[in-house]
Amino acid sequence: MTPSSAINDFIRTIINRDLEAGTHPRIVVRFPPEPNGFLHIGHAKSSTLNFGLAAEYGGQCHLRFDDTNPETEDLQYVDAIKRDLRWLGFDWGEHEYYASDYFETLYEWACRLIRKGLAYVDDSSENVIRSMRGTVTSPGSHSIYRDRPPEENLERFEAMRLGQFHDGACVLRAKIDMVHPNMKMRDPLMYRVRHATHYRRGDQWCIYPFYDWAHGQSDAIEGVTHSICTLEFSTNRVLYDWYLDALDINPRPRQYEFARMNMEYTVTSKRKLLNLVNEHVVDGWSDPRMPTLAGLRRRGIRPEAIRIFCESVGTTKVDSTHDPALFEYCIRDNLNQHAPRIHCVQDPLPVTLTNLPEDHEEDIEAPYWPHDIAKEGTRSLPFSNEILIERNDFSEDPPKGFRRLTPGGIVRLRHAYIVRCTHVEKNEHGKVMHLYCELLKGSRSGSDSSPASQQKPQGTIHWVDARRSLPVIAREYHHLLSVPVLEDELWAGLNPSSLIEYSHARIEPSIVEDSPNQRYQFVRLGYYWRDPKFIETSPPIFNRIVSLRDSSTRTKSKSTAVAPKKDKPRSAQRALTPDEKQWLQRSGLSAATGLAIYQIPGAQAFFEDASESAPSASVGNWMANQLLPALGDRPLSELPFGPNEFSQLVQLFDCGVASSHETREVLKLMLTTDESPTELLARVQDSILSDPEALRKMIADVLLEYSDRVQAYAAGKVGLKGFFVGQVMKRSHGKANPKQVQELVSEELARITS
RNA sequence: UGCCCUGUAGCUCAAUUGGCAGAGCGCCUGGCUCUGGACCAGGAGGUUCCAGGUUCGAAUCCUGGCGGGGCAACCA
């Protein structure tokens, strides 16, 4: 099965390679949450990747609960995780697994390692084990229990299982290497004694496996092919492989790591989220400000938007923090097609239309959708001489570019009439309390022909009827953090106004007809829906899902922000070791060339032998830049040629018999045959295309085929010359003389464009 | 100061494996519009972390340096 999607990232590259090579007939991946908290946006990224991969390649994705720590895990989290995943649209079919179901197998496999002398029971205390592990810069040392015979280890391990030790009395450790540069390999712990009740296994076990021991083995048990985890586990990979090798598992899973998703102004640490919940800073795990899937769901974001966002940010190994703007864009873009437009006034300012009778009432048929959305439907919008508008849609002292109501100014009431503000009533503090406007007769929306409609209003504002609108509470959510990235304490970075409540908002009455989980666009305000937690309350409580893109505030706040110039690090030269210094002096090579040779085993001798009959500078160059990189993992000694032949080649180049291109071609051939450089050179030169006429023909063809680019070149895009040369080289299957091609292309281009 | 991962536009990512440095978001300008939305058109924004080297040609290969992240839980 080949991928249908256009997405290509390093994971998909690996999978394509494995599928093509037949390493696996199909892929099996897994999403492995630990049931100790709620899923958040970061997990959405990981699950979208894994479930997406399975769907794309026709493989399967397992849901596996990594439940090896009885002290933090709970059934409520299992249920919540499953609910969230289903909501996102993922289906794992019958592939719902639990690491805790593998405890017996894991135990047997541990015994296997013990019998092979690869694991031992260590009675050392936690502190002793810690201190003997060494540090990242200093080696560890052996435990006094490290060399216990397998039989004794087996006996004690069984005793551990049978509950004959108290918590912390002993552990099972893999016997690997206490001086390994990777800390994870310094005899890692496999099992600890913990007399705790597991939410699924009850009191069946009093020893529990650690992550490293449980995870890879669970992958193996399930036949996982690609075990995709986040970057912080990359140092664990060596251990992952070690366990699988020790157990001789084949075919075996491989671990690949990608960068977890971070988002500015957002907390994604499970511990910090738990803090917010426990300290009642938020209304539980599903508070609409929370980055949890439960929170995003209650906020009103549709799952498609989350999936599209996760796919659009890509999968890499680069640590990155996302700008929430892209997420918000995905949310809006998704809602735009699904949310009918209605009117709600969050912060009402009463307006009396003075030239309408006091008992005036009419019903305006207004479309739910704007002209650019191909959907039908209208609702009736009550209108009278008393209406409410948004307080900030009126300004006595308007800033430049203000497109709303001002004293004496006119605006269009959306779907209704044009009005002119004639009088402003204020209270004793100077606060605007009431507006009096006159309605321009005949300006009703849609009646373009009347003279009144010809007037150009300053803008269009939304409104509701004062008498026949309904009270609602509107809640506006903002980032949980006031800083993009949490530097110090969580509490210091919290945004004090992450929730703004408008408790006297008024909404058009059409909503009583609608399903309570209908999502709307409140015109000019944003996308909203009823908070599902308070679906029964009166007045109804609406959550703002996301604001509208707002260009009215942009110019003021952002345009002046100039990106600070990054400080470019200066380069420096490391001090050479005495050995290196001596070698450079003896060889007479530059540092770059010399050190490249210095590092490869056997390369120094090779260089010295080859330099006997060819200039050492040339030999060095060709070795460092061409020969050594071409070697790959092969040692120098396995080459089908020796220093003598190499030296011959360099001489051919040096005295001008072979061009650099020809020399490189010959070297390529020498890697696979044992013919002499002279023979090969003859062959290469034979096959090289240097007939100017043939080349000119080829160049003409290329320039003709890419005539649009020739024009671009003529217009100043000179970088295209390399492109033309490349095309000619490709067409000649690498047989053309590039230097010559370059010259001819330049000539030709100059001729055409002059 | 060890091992591993990693540096391309403000952000997130591409670049057919050595041949045009691009896209989306954000920003700006204009158009359209009865939403300061959506849509359409255009624009600005680059020392591809730096310094050398190889090459006709380097984001890509080589050497050195600098920066960011991770690893020393009886957590995962």
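Since we're looking at a predicted model, the values are computed, not measured.
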Describe the nucleic acid contact of [X] in one word from base, sugar-phosphate, nothing, applying a heavy-atom distance below 4.0 Å.
X        : value
A/Gln626 : sugar-phosphate
A/Arg404 : base
A/Leu720 : base
A/Pro370 : base
A/Arg186 : nothing
A/Lys317 : sugar-phosphate
A/Thr68  : sugar-phosphate
A/Asp372 : base
A/Ser547 : nothing
A/Phe210 : sugar-phosphate
A/Gly401 : base
A/Leu548 : base
A/His180 : nothing
A/Arg133 : sugar-phosphate

Geometric class of the A/Trp463/A/His343 ring pair [parallel <30°, tilted 30-60°, perpendicular >60°]: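 Taking A/Trp463 first and then A/His343, their aromatic rings stand perpendicular (interplane angle over 60°).
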
Plane angle bin for A/Tyr528 and A/Phe522 - parallel if under 30°, tilted between 30 and 60°, otherwise perpendicular: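 Parallel.
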
What's the gap between [N] and [M] when it is taken at their [atom1] atoms, as a whole Å value?
N      : M      : atom1 : answer
B/rG22 : B/rA15 : C1'   : 7 Å
B/rC5  : B/rA21 : C1'   : 25 Å
B/rC4  : B/rU12 : P     : 26 Å
B/rG43 : B/rU6  : P     : 36 Å
B/rG18 : B/rU60 : C1'   : 7 Å
B/rG42 : B/rC25 : P     : 14 Å
B/rA9  : B/rA59 : C1'   : 14 Å
B/rC28 : B/rA44 : P     : 16 Å

Please determine whether a side-chain nitrogen or oxygen atom of [X] lies at a distance below 4.0 Å from atom OP1 or OP2 of [N].
X        : N      : value
A/Ser551 : B/rG37 : yes
A/Arg130 : B/rC74 : yes
A/Tyr211 : B/rC75 : no
A/Arg549 : B/rG26 : yes
A/Gln599 : B/rG64 : yes
A/Thr460 : B/rU33 : no
A/Lys730 : B/rU17 : no

Spacing of A/Leu584 atom CG and A/Glu580 atom CD [to the nearest 0.5 Å]: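 Result: 7.0 Å between the selected atoms.
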
Whole-Å distance between [N] [atom2] and [X] [atom1]?
X        : N      : atom1 : atom2 : value
A/Lys721 : B/rU55 : NZ    : C1'   : 15 Å
A/Asn336 : B/rC39 : CG    : P     : 7 Å
A/Asp187 : B/rC71 : CG    : P     : 21 Å
A/Arg412 : B/rU35 : CZ    : P     : 10 Å
A/Asp9   : B/rA14 : CG    : P     : 7 Å
A/Asp333 : B/rG26 : CG    : P     : 10 Å
A/Asn182 : B/rC71 : CG    : C1'   : 7 Å
A/Asn621 : B/rU63 : CG    : P     : 14 Å

Among [options], find the nucleotide with the atom closest to the side chain of [X].
X        : options                : value
A/Val523 : B/rU35, B/rC74, B/rC62 : B/rU35
A/Arg341 : B/rU35, B/rU6, B/rC25  : B/rU35
A/Lys184 : B/rC56, B/rA72, B/rC25 : B/rA72
A/Leu189 : B/rC74, B/rC62, B/rG37 : B/rC74
A/Phe723 : B/rC75, B/rG19, B/rU12 : B/rG19
A/Tyr329 : B/rG69, B/rA38, B/rC25 : B/rC25
A/His322 : B/rU12, B/rG19, B/rG26 : B/rU12

Most 5' of A/Val136 and A/Thr316 on RNA chain B, judged by nearest nucleotide: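 The 5'-side residue here is A/Val136.
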
A/Val171 vs A/Thr137, nearer the 5' end of RNA chain B by closest nucleotide: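 Nearest nucleotide further toward 5': that of A/Thr137.
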
Side-chain H-bond candidate by donor/acceptor type, A/Asn127 with A/Ser125, under 3.5 Å: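 Looking only at side-chain atoms, A/Ser125 and A/Asn127 do not form any donor-acceptor pair under 3.5 Å.
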
Donor on one side chain, acceptor on other, A/His215 and A/Asp66, under 3.5 Å: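 Checked: A/His215/A/Asp66 side chains pair up, N/O donor to acceptor below 3.5 Å.
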
Heavy-atom neighbours of A/Lys375 NZ exceed 12 at 6.0 Å: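 For A/Lys375, atom NZ is crowded (more than 12 foreign heavy atoms under 6.0 Å).
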
Base B/rG53 to side chain A/Asn625, donor-acceptor N/O within 3.5 Å cut-off: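 Such a pair exists between side chain and base.
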
hbond_proxy A/Arg664 side chain to B/rG18 base (donor-acceptor, 3.5 Å cutoff):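 By the distance-only test, yes, there is a pair.
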
Is it true that a side-chain atom of [X] and a backbone atom of [Y] form a donor plus acceptor pair closer than 3.5 Å?
X        : Y        : result
A/Ser138 : A/Gly134 : no
A/His462 : A/Cys344 : yes
A/His198 : A/Thr68  : no

B/rU17 glycosidic torsion: syn (within 90° of 0) vs anti: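 With its glycosidic angle within 90° of zero, B/rU17 counts as syn.
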
Bracket notation of RNA chain B in which parentheses pair within the strand, [ ] cross earlier pairs, and | pairs with another strand (Watson-Crick or G-U, under 3.5 Å): .((((((..((((.....[..)))).(((((.......))))).....(((((..]....))))))))))).....

Within 45° cone and under 6.0 Å: A/Arg332 NZ/CZ vs A/Tyr527 ring: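 That pair does not qualify as a cation-pi contact.
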
Centroid separation A/Tyr98 to A/Phe65 less than 6.0 Å: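 Distance test on ring centres: under 6.0 Å, yes.
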
A/Phe233 ring center within less than 6.0 Å of A/Tyr240 ring center: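 Aromatic pair excluded; centres sit 6.0 Å or further apart.
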
